[in-house]
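Below is one structure; the comments refer to it alone.
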Amino acid sequence: MKNQLRQAIKTALQQCYDKGTLSSGELPAEIQLEVPKNPEHGDFASNLAMTMAKVERKAPRMIAEALVAALADNPLCDKVEIAGPGFINFRLAPACWYGVLNQVMTEGAQYGRSEVGAGTKIQVEFVSANPTGPLHIGHGRGAVVGDAVAAVLQAAGFEVQREYYVNDAGNQVKTLGYSILMRLRELQGETVEFPEDGYQAEYVRELAAKLQSEIGDLAGVDEAEAIEACARFGVEKVLDWIAVDLKAFGINFDNWYSEKSLYDRNMVDGELAKLKEKGLSFEQDDALWLRTTDYGDDKDRVLIKSDGSYTYFASDVAYHMEKFERGFDRVIDVWGADHHGYIPRMKAMLSGLGHPPEDLEVLLIQMVNLLRDGQPFTMGKRSGNFITLREVIDEVGSDACRFFFLIRRCDSQLDFDLELAKQQSTDNPVYYVQYAHARVCSINRNAAQAGVAQPQADQVDLGKLELEEELALAKQLARFQETIIGAAQNYEPHRVVFYLQDLAAQFHSYYNRQRVLVDDAATTQARLYLVNCVRIVLANALHLLGVSAPEKM
RNA sequence: GCGCCAGUAGCUCAGUUGGAUAGAGCAACGGACUUCUAAUCCGUAGGCCGAGGGUUCGAAUCCUUCCUGGCGCGCCA
C-alpha cells in the first residue's frame with residue numbers, strides 16, 4: 001500500500017517538473033511516508049515538501065500545493081491535504097484498504113511474507129549454552145528471541161540457518177567429567193573430597209548414577225581416562241536434555257556445531273595460520289596474540305597461552321571465520337548481556353579480515369528476574385540448584401513462556417512473574433490475543449450451525465463494510481507485512497507482539513460493539529469475511545512467534 | 001577509572017529510525033452479560049520523557065556534560 005502511494009507521488013513529481021510547477025527536476029532519493037498518530041491526519045503523511053524546500057528554493061507549502069494539484073484525480077487517493085508547516089496528508093480510498101482483505105484470503109498462511117531479504121544468507125546462532133548442565137531461565141529468553149528473530153527473517157525472505165554452538169572442548173567439560181567421577185566414587189561408598197570448583201548441583205549425581213548403570217563403575221581405569229570417559233558421557237547426556245527441553249519449547253536447530261570438531265579437524269590451527277599470514281597476530285611472552293587494538297579494541301587478546309593451550313577466544317575466532325567461509329552473508333550471535341565485553345574483539349577480528357563489522361550482529365539478551373507474586377525469586381547460587389527452564393515451561397506452559405520472553409525488547413531487563421504468566425485472566429496478555437482468535441473460530445462455528453456459508457471472495461460485497469472500525473481493522477491487517485519487515489531488519493521480534501496486541505484489541509472492541517451474524521445476509525457475509533481475515537493474520541503472527549492459535553478456550 | 005545497556009503515568013513498558021496534541025497494559029474510580037465466549041468492552045483520572053547545555057523549521061529520539069540502576073573490564077569459560 002505504502003509503495004503504491006510512493007509510486008503515485010513519484011509520478012506526480014515528474015508531472016510537476018514537466019509542467020514547470022516545480023523546477024529542480026530532481027527526484028528525491030527517498031520519499032518518507034509515515035502513519036500519523038492522529039487519524040485526522042489521514043492514512044499516510046509525508047514531510048516531502050519540507051525536505052525539498054532547500055533544493056527547490058521555495059516555501060514548503062508552495063511545493064506541497066503543486067504536488068497536491070498533480071495528485072488531484074488519482075484514484076488511489078480519496079483526499080490529499082496540506083497541513084501544518086507543510087505536511088502532506090493522504091487519505092486513501094476505502095476500496096484500496098478493503099482490497100487487502102482479498103489478499104489475506106488468497107495468501108492465507110503466506111500472508112505477511114515478503115522477499116525483501118532476497119535470499120540473503122543469514123545464520124542465527126543462539127542458546128549455545130555449555131553442555132555442562134540443564135538450561136536455566138536466562139537461556140530460555142535467548143532461545144525464544146533467537147528463534148523468533150530467525151522466524152521473522154525467514155518471513156521477510158532471508159535464507160536462515162539456526163545453529164547451536166556446542167562448547168564441548170574447554171576446561172568446563174573437564175570439570176564436568178571430574179565432578180561426575182567424584183560422585184561416581186561416592187556411589188561406590190568412597191568418601192571423596194568434592195572439589196570446590198566442581199559442579200555441585202544434583203544433576204551431577206544423576207549423571208553419575210546413569211553412568212554406573214550404563215557403562216560400569218570405571219574401577220581400575222586410569223584417572224585421566226576415567227575423567228575423559230565421564231566428560232564424554234556427561235556432555236552427551238546433558239546435550240540430550242537440552243535438545244529435549246528446547247523441543248518442548250518448540251525450538252529446533254538446523255545444525256549443532258561442535259567446538260571439539262574444530263580442533264579435531266585442525267581448523268583452529270588452520271584459521272590461526274591465516275591470521276598470522278595477514279600479520280594480524282604476533283608472539284609475545286611465549287604467547288600468541290591477536291592485534292585487536294588496530295580495530296578499536298582497548299587491548300590485544302591472547303589466542304594461545306604461554307603453556308601452549310588455546311584460549312576460548314581462539315576457537316571462537318576460528319569458529320566465526322569459518323562461518324563466513326561457509327558462505328553466510330551475515331551472522332547473528334545471540335548472547336547474554338554479561339558477555340557484551342567480547343563484542344569489540346570479535347568485530348576487530350572481522351575487520352582485520354576485511355569484513356564490514358555489520359556482517360556480525362550481536363544481540364545482547366538482558367537478565368531475566370524471576371518473580372512469584374511480585375516477589376523476587378532468589379535462587380541458591382552456591383548450591384547450584386537453580387530454576388531450570390524445563391520447570392518453568394512445565395509450570396506456565398510454552399505459549400505463555402514464549403510470549404513473555406518476547407514482549408519486551410531484548411536489551412531491557414525482564415521481570416518474569418510465574419503467577420502472572422500462569423493466570424488465565426485479564427492480566428495475561430497471551431490469553432488476550434489467543435482469545436481473539438478463538439472468538440472468530442466461535443463465530444464460525446455459530447455460522448455453520450445456523451447454516452450460514454463461509455463467504456467466497458468473488459461473491460462478497462465489501463461495500464457492506466461501512467463502519468469506521470471496519471475500515472480501521474482492514475488498515476491494521478494491511479500493516480502486517482511492514483511490521484514483519486521492520487522486526488526482521490531491526491532484529492526486534494517484540495514488534496510483532498505489539499502488533500498482535502493492537503490487532504486483538506481492535507477486534508475485541510469491534511466484537512463488543514457489532515454483531516457479525518446479523519439478519520442482513522450480505523452484511524453477515526462481508527463481516528464474516530473481515531473477521532476471518534483477522535483470524536488468519538492473528539494465527540500467522542502467533543505462529544511466527546511460536547505460540548499456538550487455539551480454536552477454543 | 002574505562003566500556004556496554006537502561007532511565008517515559010503510582011507499577012511494568014511501547015513510541016513507526018527527527019515530525020503535528022507523548023501511548024498501552026496493570027493498579028484506582030464509574031459503567032456494560034435474556035444478544036456470535038465478560039479470558040471481553042466503554043468511560044474517568046494520571047506526565048518537567050532522569051538533569052543541564054547544544055544541533056534545526058521541529059528532539060523522548062541525534063551530540064555533549066553530569067546523576068541513578070544493572071552488567072562487564074583475565075594467558076577464566
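Since the model is a prediction, treat every value here as computed from it, not as a measurement. Throughout, protein chains are lettered first and strands after them, A, B, ... in sequence-line order, and every chain is numbered starting at 1.
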Considering only the P atoms, how many Å lie between G10(B) and A51(B), rounded to the nearest integer? 13 Å
What nitrogen or oxygen pairs link the protein and nucleotides 4-10 of chain B at under 3.5 Å?
residue	atom	partner	partner atom	Å
C5(B)	O2'	Asp411(A)	O	2.8

Checking all strands, does Arg408(A) fall into the base, sugar-phosphate, or nothing category for heavy-atom contacts under 4.0 angstrom? sugar-phosphate
Per the glycosidic torsion and the 90° limit around 0, nucleotide C29(B) is anti
Charged N to carboxylate O below 4.0 Å: is that the case for Glu361(A) and Arg330(A)? no
Taking any heavy-atom pair under 4.0 Å as a contact, classify Ala436(A): base, sugar-phosphate, or nothing. nothing
In whole Å, I'd like the distance from the CH2 atom of Trp289(A) to the P atom of G74(B). 11 Å
Would you mind classifying the nucleic acid contact of Ala83(A) as base, sugar-phosphate or nothing, using non-hydrogen atoms under 4.0 angstrom? base
Distance to the ring centre below 6.0 angstrom and angle to the axis at most 45 degrees; does that hold for Arg439(A) and Tyr511(A)? yes
Would you mind classifying the nucleic acid contact of Ala438(A) as base, sugar-phosphate or nothing, using non-hydrogen atoms under 4.0 angstrom? base
Kindly indicate whether the side chain of Asp338(A) and the base of G72(B) share any N or O donor-acceptor pair separated by less than 3.5 Å? no
Per-residue pairing states of RNA chain B in dot-bracket (Watson-Crick or G-U under 3.5 Å; . unpaired, | other strand) read (((((((..((((.....[...)))).(((((.......))))).....(((((..]....))))))))))))....
Can you tell me how far C1' in U34(B) sits from the matching atom in G30(B), rounded to whole Å? 24 Å
Asp502(A) CG to G15(B) P: how many Å, rounded? 12 Å
With a non-hydrogen cut-off below 4.0 angstrom, is Asn130(A) in contact with a base, only sugar-phosphate, or nothing? sugar-phosphate
Distance below 4.0 Å between Lys299(A) side-chain N/O and G3(B) OP1 or OP2: no
Under 4.0 Å between a side-chain N/O of Tyr435(A) and OP1 or OP2 of C41(B), yes or no? no
To the side chain of Met50(A), which of G19(B), U40(B), C13(B) is closest? G19(B)
Gln449(A), CD: over 12 other non-hydrogen atoms inside 6.0 angstrom: no
Considering only atom P, compute the distance from G74(B) to A28(B) and round it to an integer number of Å. 49 Å
Lys/Arg-Asp/Glu bridge criterion (N-O < 4.0 Å) met for Lys422(A), Glu419(A): yes
When you measure from the side-chain N and O atoms of Arg439(A) to the phosphate of A39(B), is any distance below 4.0 Å, counting only OP1 and OP2? no
Checking Asp399(A) against Gln434(A): is there a side-chain donor and acceptor pair closer than 3.5 Å? yes
Need one value for Gln514(A): base, sugar-phosphate or nothing, where a base atom within 4.0 Å counts as base even if backbone is also close, heavy atoms only. base
Cation-pi check for Phe282(A) against Arg291(A): NZ or CZ below 6.0 Å from the six-membered ring centre and within 45 degrees of the axis, yes or no? yes
Nearest whole Å is fine: how far is C75(B) P from Asp307(A) CG? 12 Å
Given the structure, check if the side chain of Ser306(A) and the base of C75(B) hold any donor-acceptor pair shorter than 3.5 Å. yes
Rounding to an integer number of Å, can you tell me how far Leu371(A) CG sits from C13(B) C1'? 14 Å
Given the structure, check if the side chain of Asn89(A) and the base of A20(B) hold any donor-acceptor pair shorter than 3.5 Å. yes
Nearest-nucleotide comparison on RNA chain B, the residue closer to the 5′ end among Cys410(A) and Tyr510(A): Cys410(A)
Is the backbone N or O of Ala421(A) less than 3.5 Å from a side-chain atom of Asn428(A), with the two atoms forming a donor-acceptor pair by type? yes
Which word best sums up how the rings of Tyr165(A) and Tyr257(A) line up, parallel for under 30°, tilted for 30 to 60°, or perpendicular for over 60°? tilted
Answer with base, sugar-phosphate or nothing: what part of the nucleic acid does His41(A) contact at a heavy-atom distance below 4.0 Å? base
Please determine if a side-chain N or O atom of His494(A) lies less than 4.0 Å away from the OP1 or OP2 oxygen of G15(B). yes
Under 4.0 Å between a side-chain N or O of Lys37(A) and OP1 or OP2 of A20(B)? yes
Whole-Å gap separating C1' (G74(B)) and CG (Asn171(A)): 14 Å
Check every strand shown and say whether Gly486(A) touches a base, only sugar-phosphate, or nothing at a heavy-atom separation below 4.0 Å. nothing
Closer than 4.0 angstrom, basic N to acidic O: yes or no for Glu283(A) and Lys276(A)? yes
Using the P atom in both, what is the distance from C49(B) to G7(B), to the nearest Å? 14 Å
Describe the nucleic acid contact of Tyr312(A) in one word from base, sugar-phosphate, nothing, applying a heavy-atom distance below 4.0 Å. base
Give a yes/no on whether any side-chain N or O of Ser509(A) is located under 4.0 angstrom from OP1 or OP2 of C42(B). yes
Sorted by first residue and then second, give each salt bridge (Lys or Arg N to Asp or Glu O under 4.0 Å) pair with at least one member in residues 507-526 of chain A; sequence neighbours left out. Glu469(A)-Arg513(A)
With a sphere of 6.0 Å drawn around NZ of Lys260(A), does it hold more than 12 non-hydrogen atoms of other residues, nucleotides or ligands? no
Whichever of Asn167(A) and Val35(A) has its nearest RNA chain B nucleotide further upstream toward 5': Val35(A)
In terms of the angle between their ring planes, are Phe498(A) and His494(A) parallel, tilted or perpendicular, with boundaries placed at 30° and 60°? perpendicular
Distance between the C1' atoms of G53(B) and G47(B), in whole angstroms? 23 Å
In whole Å, what separates the P atom of A24(B) from that of C66(B)? 37 Å
Hey, is Phe87(A) doing a stacking thing with G19(B), by the 5.5 Å centroid and 30° angle criteria? no
Taking the same atom, P, in G50(B) and in A9(B), what whole-Å distance lies between them? 8 Å
Looking at Arg232(A) and Glu228(A), does any basic side-chain N land under 4.0 Å from a carboxylate oxygen? yes
Atom-to-atom span, CG of Asn428(A) to P of C26(B) - whole angstrom: 11 Å
His508(A) NE2 to C42(B) P: how many Å, rounded? 11 Å
Would you measure the distance from the P atom in U12(B) across to the matching atom in G31(B) and give it in whole Å? 30 Å
Separation of C41(B) C1' from Arg515(A) CZ (nearest whole Å): 16 Å
